[in-house]
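Nothing fancy with the numbering, it's 1 onward along the sequence.
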Amino acid sequence: MADKDSDFPSQKLPSASQVLEELKELWGMALPITAAHLMAFFRAVVSSIFLGRLGSLELAGGALSIGFTNITGYSVLVGLASGLEPVCSQAYGSQNWDLLSLSLQRMILILLIAIIPISLLWLNLETIMNSMGQDRNITAMASTYCIYSLPDLLTNTLLQPLRVFLRSQKVTKPIMYCSLMAVVFHVPLNYMLVVMMGLGVPGVAMASVVTNMNMVVLMVGYMWWVRGWWEMKWTGGIGGVCDGVGPLLKLAVPSCLGICLEWWWYEIVIVMAGYLPNPTLAVAATGILIQTTSMMYTVPMALAGCVSARVGNELGAGRPYKARLAAMVALGCAFVIGIINVSWTVILKERWGSLFTKDGLVKGLVASVLPIIGLCELGNCPQTTGCGILRGTARPVIGARINLGSFYFVGTPVAVGLAFGLNIGFVGLWFGLLSAQVACVVSILYVVLVRTDWEHEAWKSRKLTSIEMSPSDSVEGKEHEEEEERRLLVNGKHIRLIFSDY
């Protein structure tokens with residue numbers, strides 16, 4: 001191995017000091033990312049508040065648009081960008097700087113291609129939703145919001161890969177600071193565009209676009225001037241970048257599916273709510289609940305991204321038992337977070353909806369479902385963290401299969417059967433989510449805790465990054481072999497063979 005796992009000579013339980021050290025390492029990364037996610041949630045809440053102040057129709061239309069753009073756009077871009085996690089984190093751990101740099105460039109190219117069909121879907125939101133039988137007034141409002149959000153697609157082709165690229169190298173505090181600086185101006189932007197200029201729904205969408213643009217400018221500025229990464233260049237040339245796109249897609253696509261299949265289910269609930277009696281109230285309440293789950297999702301999502309980086313870094317450095325320790329510590333933290341979420345949703349269920357709307361009926365629907373959402377998070381936190389571990393070990397296909405089975409072969413039939421078959425209504429949709437989370441967390445934990453061979457994962461990491469070489473009779477010969485292997489990997493030829501193992 002590149003660096004022997006001397007602290008973990010066997011599969012014995014780690015000491016308390018080793019667990020504490022891993023907690024310090026993990027949360028040193030996760031806390032800034034959590035703060036950045038909370039700022040993103042704050043931005044979304046501000047948008048929802050301004051939509052809610054415009055009226056129930058505007059809130060429902062905005063919620064429908066946010067759901068549609070999440071399903072067809074943001075989830076896809078975030079999911080594809082997550083394909084960088086195993087490559088970048090393991091490349092950083094093994095100090096393969098060329099692969100690290102080229103993977104970022106390849107992912108930006110992939111996302112630029114992906115936003116072309118996504119933009120076409122956004123332009124046709126009203127037609128699509130009307131054909132599905134959605135309320136025409138709500139869809140007209142949603143279409144307006146969606147069209148004015150189009151520039152955000154281009155912004156996210158840079159924003160999402162940069163986040164993964166930095167996080168994989170344990171650079172998380174600058175992400176937090178850039179997010180804070182961008183979000184500080186979000187409320188003034190909304191006030192100026194919506195209240196002072198009277199732009200209404202388009203103003204809310206435009207404020208979100210400008211905030212993301214500011215974030216990208218700040219992050220690029222940090223990389224360019226503060227870190228001195230202006231020297232990062234297209235080391236493989238245009239041909240080298242394009243040649244490696246196919247192999248990277250073999251990780252990016254299942255990573256995308258693993259994230260999207262879950263994310264889509266949450267957003268599809270908004271569409272199903274549109275078929276319930278009094279769809280305006282149901283969709284508005286669902287939008288508030290989706291925002292709530294997004295807030296609770298910030299910590300496990302940050303934890304998943306950071307444990308993915310930790311596991312990938314340790315596997316890339318040839319330390320499988322430290323990678324296992326990182327995974328176990330993260331799962332323990334995830335269960336604690338889940339318990340906290342259950343507690344506050346029960347305590348605040350009657351008051352939470354008042355933060356978003358003054359409509360008493362909408363607040364009543366929110367209060368009836370919020371404790372169920374809390375129970376869902378008890379499964380969602382370890383499940384999300386487990387998916388991060390699978391991405392760190394370059395096994396996103398497993399996470400995608402589990403999410404497909406849990407959400408669409410368990411959760412969907414239960415939700416539809418309860419809400420429409422047994423006429424339970426709005427609450428039935430969320431019991432479907434609870435059943436999906438139970439199936440998902442059991443499956444994920446079985447794979448991570450029982451079916452993962454950490455030494456084998458470290459061996460696969462050596463193949464992926466091409467750092468560990470066969471012995472050579474001379475230092476010069478070994479260096480020549482290493483340089484040749486790196487060259488083949490960076491040019492996308494060697495890696496194409498490697499990915500056939502996944």
Side-chain angles (χ1 to χ4, degrees), residues 27-51 62 66 69-70 73-74 77-78 81-82 84 88 104 107-108 111 145 148-197 199 202-232 291 294-306 309 355:
W27 284 104
M29 295 174 60
L31 286 177
I33 296 298
T34 300
H37 288 168
L38 284 172
M39 287 174 226
F41 168 75
F42 172 75
R43 184 194 65 194
V45 168
V46 169
S47 297
S48 295
I49 289 173
F50 274 91
L51 287 169
I66 291 169
T69 55
N70 279 335
Y74 296 120
L77 299 181
V78 171
S82 70
L84 278 177
C88 284
L104 172 64
M107 183 53 64
I108 292 173
L111 297 188
Y145 187 97
Y148 280 91
S149 298
L150 277 171
D152 212 24
L153 286 175
L154 188 60
T155 303
N156 274 267
T157 61
L158 295 174
L159 180 61
Q160 301 305 333
L162 286 176
R163 284 173 171 167
V164 178
F165 179 76
L166 293 172
R167 188 176 65 228
S168 297
Q169 301 172 70
K170 305 180 183 179
V171 180
T172 58
K173 287 184 179 179
I175 298 176
M176 177 183 68
Y177 294 138
C178 292
S179 299
L180 175 61
M181 293 177 67
V183 170
V184 161
F185 295 100
H186 189 60
V187 174
L189 276 171
N190 273 277
Y191 185 80
M192 181 182 69
L193 294 172
V194 179
V195 179
M196 295 180 63
M197 298 179 65
L199 295 179
V204 177
M206 291 164 62
S208 293
V209 170
V210 174
T211 298
N212 273 343
M213 286 182 178
N214 291 338
M215 200 175 303
V216 169
V217 170
L218 290 167
M219 289 177 68
V220 171
Y222 168 80
M223 291 178 59
W224 194 272
W225 284 291
V226 179
R227 297 285 292 194
W229 284 340
W230 53 271
E231 294 179 346
M232 188 174 66
Q291 293 294 343
S294 297
M295 183 199 70
M296 291 190 286
Y297 194 53
T298 55
V299 181
M301 186 178 182
L303 191 60
C306 292
L355 297 176

side-chain hydrogen bond (donor to acceptor under 3.5 Å, both in side chains) contacts in which one or both residues fall within residues 27-43, not counting sequence neighbours: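 Passing the test, one end in residues 27-43: R43-N212.
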Restricting to non-hydrogen atoms, name the atom on [X] and the atom on [Y] that form the minimum distance, rounded to 0.1 Å.
{"X": "T172", "Y": "G28", "answer": "OG1-O, 3.8 Å"}
{"X": "M176", "Y": "P32", "answer": "CB-O, 3.5 Å"}
{"X": "A205", "Y": "Y145", "answer": "CB-O, 3.5 Å"}
{"X": "A81", "Y": "V164", "answer": "O-CG2, 3.7 Å"}
{"X": "I175", "Y": "R163", "answer": "CD1-O, 3.8 Å"}

Which residues satisfy the side chain to side chain contact (heavy atoms under 4.5 Å, CB included) test with [X], sequence neighbours excluded?
{"X": "L355", "answer": "W352"}
{"X": "V209", "answer": "P151, D152, M213"}
{"X": "A40", "answer": "none"}
{"X": "L199", "answer": "L193, M197, M206"}

Run the side-chain hydrogen bond (donor to acceptor under 3.5 Å, both in side chains) test against [X] and tell me which residues pass, sequence neighbours left out.
{"X": "S82", "value": "none"}
{"X": "S179", "value": "none"}
{"X": "K173", "value": "none"}
{"X": "R167", "value": "E85"}

Set of residues satisfying ring-ring contact (aromatic ring centres under 6.0 Å, His included) with respect to Y148, sequence neighbours excluded: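 For Y148 there are no ring-ring contact (aromatic ring centres under 6.0 Å, His included) partners, ignoring immediate neighbours.
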Residue pairs, two or more places apart or on separate chains, that pass salt bridge (Lys or Arg N to Asp or Glu O under 4.0 Å) and touch residues 174-183: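 Every candidate salt bridge (Lys or Arg N to Asp or Glu O under 4.0 Å) pair involving residues 174-183 fails, so no pair, neighbours aside, qualifies.
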N/O donor-acceptor pair under 3.5 Å between T157 side chain and L154 backbone: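 Indeed, once roles are kept as given, a pair shorter than 3.5 Å links the two residues.
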Test item: L104 and C88 side chains (from C-beta on) under 4.5 Å apart, heavy atoms: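 L104 vs C88: side chains apart.
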More than 12 heavy atoms of other groups within 6.0 Å of M181 CE: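 Atom CE in M181 is not packed in, count stays at 12 or less.
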